[in-house]
Amino acid sequence: MDNKEERYGLILDKVISMIYDLNIRSGDKMFSENRLAKALNVSRANVREIYSALNILGILESRRGEGTFFRGADNSIIFKILMLVIYDDSADVSEIMEVRKIIEIGIAEKAAVNRSQEDVRKLKKCINDMENCSDGNRLSELDNELHSIIGRACGNTLLSNMSEIISSLVIRSIREHWNYILSDKKRDTKQITFEQHKELAEAIIHKKPYIARVVAQEHLEFVSNSLERYKKEYSEHLLLISDSKDERPRLKYRQYHS
């Protein structure tokens, strides 16, 4: 096998299959570098590089004189890696919001069934903070925090992590959107957005899964439409600025030649 990437891929596939096939738990010993290298007919140096990378990620742990052990996954690091893996700068906000709907509507329903008293306390505090906040950047943080609380309250770690990853991809758009909402004096978008968050939190607090599902769907549809409107108005604003900049040189040109 001449391709270095292929060798690394083969080693990583074997490590993953070992963990799943042998039902390896946190603290269990992995194959030694030498044993894995011989089994795959690759150099020990290649195996060491993969083990070292997984050690940095907190998935494996090397103990001098003892060997290499499985630690599990450091969620904070894996979370960041997954963000990079699924990041696509060509992805439209509307596409990401569509994924959010698929995931977060079900999460809201499960949260209303599984939420704890600690979740209730956090939801109430977050809603209270949102009601008394008038800063767009802070509101976007509270918005994200509320959805994170709901994600954790659903009781499914995989769903919660998926929700965090998808939400992180639109955090900048949500921040810009909140600032746009606060600057728009003609619409009651801020109040509607807050009321939807409040209704969603209350449905979860009072353990009403069907209502939580319906409100989550309505809220995400509303946010999608509002984001689209914001994007359109912002594009038109940039176009006006661009046109006005283009106009000044033409005026000077006409004045010079008149």
Side-chain angles (χ1 to χ4, degrees), residues 75-76 78-79 82-83 86 93-182 187-228 230:
N75 286 339
S76 63
I78 298 302
F79 172 78
L82 283 173
M83 280 182 62
I86 68 172
V93 171
S94 60
E95 293 178 346
I96 299 171
M97 287 302 298
E98 187 174 356
V99 177
R100 276 191 71 184
K101 290 175 198 173
I102 294 170
I103 296 173
E104 291 191 20
I105 291 170
I107 284 177
E109 186 175 26
K110 283 189 69 66
V113 175
N114 298 324
R115 63 99 178 122
S116 66
Q117 285 303 312
E118 179 62 14
D119 295 323
V120 169
R121 185 189 68 77
K122 290 179 179 178
L123 285 169
K124 287 181 177 179
K125 182 181 183 305
C126 193
I127 286 296
N128 184 65
D129 289 346
M130 288 184 79
E131 188 171 19
N132 297 307
C133 183
S134 58
D135 177 74
N137 291 334
R138 179 58 182 151
L139 277 167
S140 69
E141 292 173 1
L142 290 168
D143 187 331
N144 193 54
E145 182 182 334
L146 182 74
H147 287 281
S148 293
I149 294 168
I150 294 170
R152 291 190 294 271
C154 81
N156 185 310
T157 305
L158 183 58
L159 276 176
S160 176
N161 288 341
M162 287 174 67
S163 175
E164 291 275 357
I165 292 166
I166 299 303
S167 295
S168 68
L169 296 176
V170 290
I171 186 63
R172 185 174 135 188
S173 295
I174 295 298
R175 187 185 304 117
E176 292 173 353
H177 181 237
W178 267 110
N179 283 305
Y180 160 72
I181 289 173
L182 294 176
R187 299 193 182 100
D188 55 357
T189 312
K190 177 181 183 292
Q191 188 60 31
I192 294 172
T193 306
F194 169 71
E195 289 297 335
Q196 288 178 341
H197 280 122
K198 187 177 180 181
E199 286 177 27
L200 179 57
E202 287 179 347
I204 293 168
I205 288 168
H206 296 296
K207 292 204 163 194
K208 296 180 177 178
Y210 175 75
I211 294 176
R213 182 181 184 86
V214 171
V215 174
Q217 183 169 357
E218 289 176 351
H219 169 61
L220 290 168
E221 287 286 353
F222 178 80
V223 171
S224 293
N225 293 334
S226 187
L227 277 169
E228 284 297 318
Y230 157 68

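Position 1 is the first residue of the sequence, and the numbers go up from there. Computed from heavy atoms alone, side chains included, the values below leave out hydrogens, waters and symmetry copies.
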Full working for side-chain contact (heavy atoms from CB on, under 4.5 Å) between I127 and F194: CA-CA 8 Å; I127 286 296; F194 169 71; 4.0 Å; yes
Salt bridge (Lys or Arg N to Asp or Glu O under 4.0 Å): which pairs involve [range], sequence neighbours left out?
{"range": "residues 117-133", "result": "E118-R121, K125-D129"}
{"range": "residues 136-154", "result": "R138-E141, R152-E164"}
{"range": "residues 106-116", "result": "E109-R213"}

Using a 4.5 Å cut-off on heavy atoms from C-beta on, say whether the side chain of I150 contacts that of L123.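 L123 vs I150: side chains touch.
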Min side-chain heavy-atom separation L200-I204 under 4.5 Å: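 Result yes, sub-4.5 Å side-chain heavy-atom pair found.
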Kindly compute the distance separating CG (L142) from CG (N137), expressed to the nearest 0.5 Å.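 These two atoms lie 11.0 Å from each other.
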Atom CD1 in I192, atom NZ in K190: separation rounded to 0.5 Å?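 Spacing of CD1 (I192) from NZ (K190) equals 12.0 Å.
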Given side-chain contact (heavy atoms from CB on, under 4.5 Å), test L182 with L139 step by step and report yes or no. CA-CA 10 Å; L182 294 176; L139 277 167; 3.9 Å; yes
Nearest atoms (heavy-atom pairs only) where A112 meets A212: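 Heavy atoms only, the tightest pair is CB-CB, 4.1 Å.
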Please table the atom pairs, donor to acceptor, closer than 3.5 Å between any side-chain atom in residues 215-223 and protein atoms at least two apart or in another chain.
residue : atom : partner : partner atom : Å
H219    : ND1  : Q196    : OE1          : 3.0
H219    : NE2  : H197    : NE2          : 3.3

For M130, look at atom CE and say whether over 12 heavy atoms of other residues, nucleotides or ligands are found less than 6.0 Å away.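 Counting other residues, nucleotides and ligands, CE of M130 exceeds 12 neighbours.
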Can you list everything that forms a side chain to side chain donor-acceptor pair (under 3.5 Å) with K208? Sequence neighbours excluded, please.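 Here no residue qualifies.
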Strictly distance-based, threshold 3.5 Å: is any side-chain N or O of N114 a donor or acceptor partner for the main-chain N or O of A153?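 Checked: no pair found.
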Atom pairs and distances, donor-acceptor, side-chain atoms in residues 98-108, under 3.5 Å, two or more places apart:
residue : atom : partner : partner atom : Å
R100    : NE   : E104    : OE2          : 2.8
R100    : NH2  : E104    : OE1          : 3.2
R100    : NH2  : E104    : OE2          : 3.4
E104    : OE1  : H147    : ND1          : 3.2
E104    : OE2  : S167    : OG           : 3.2

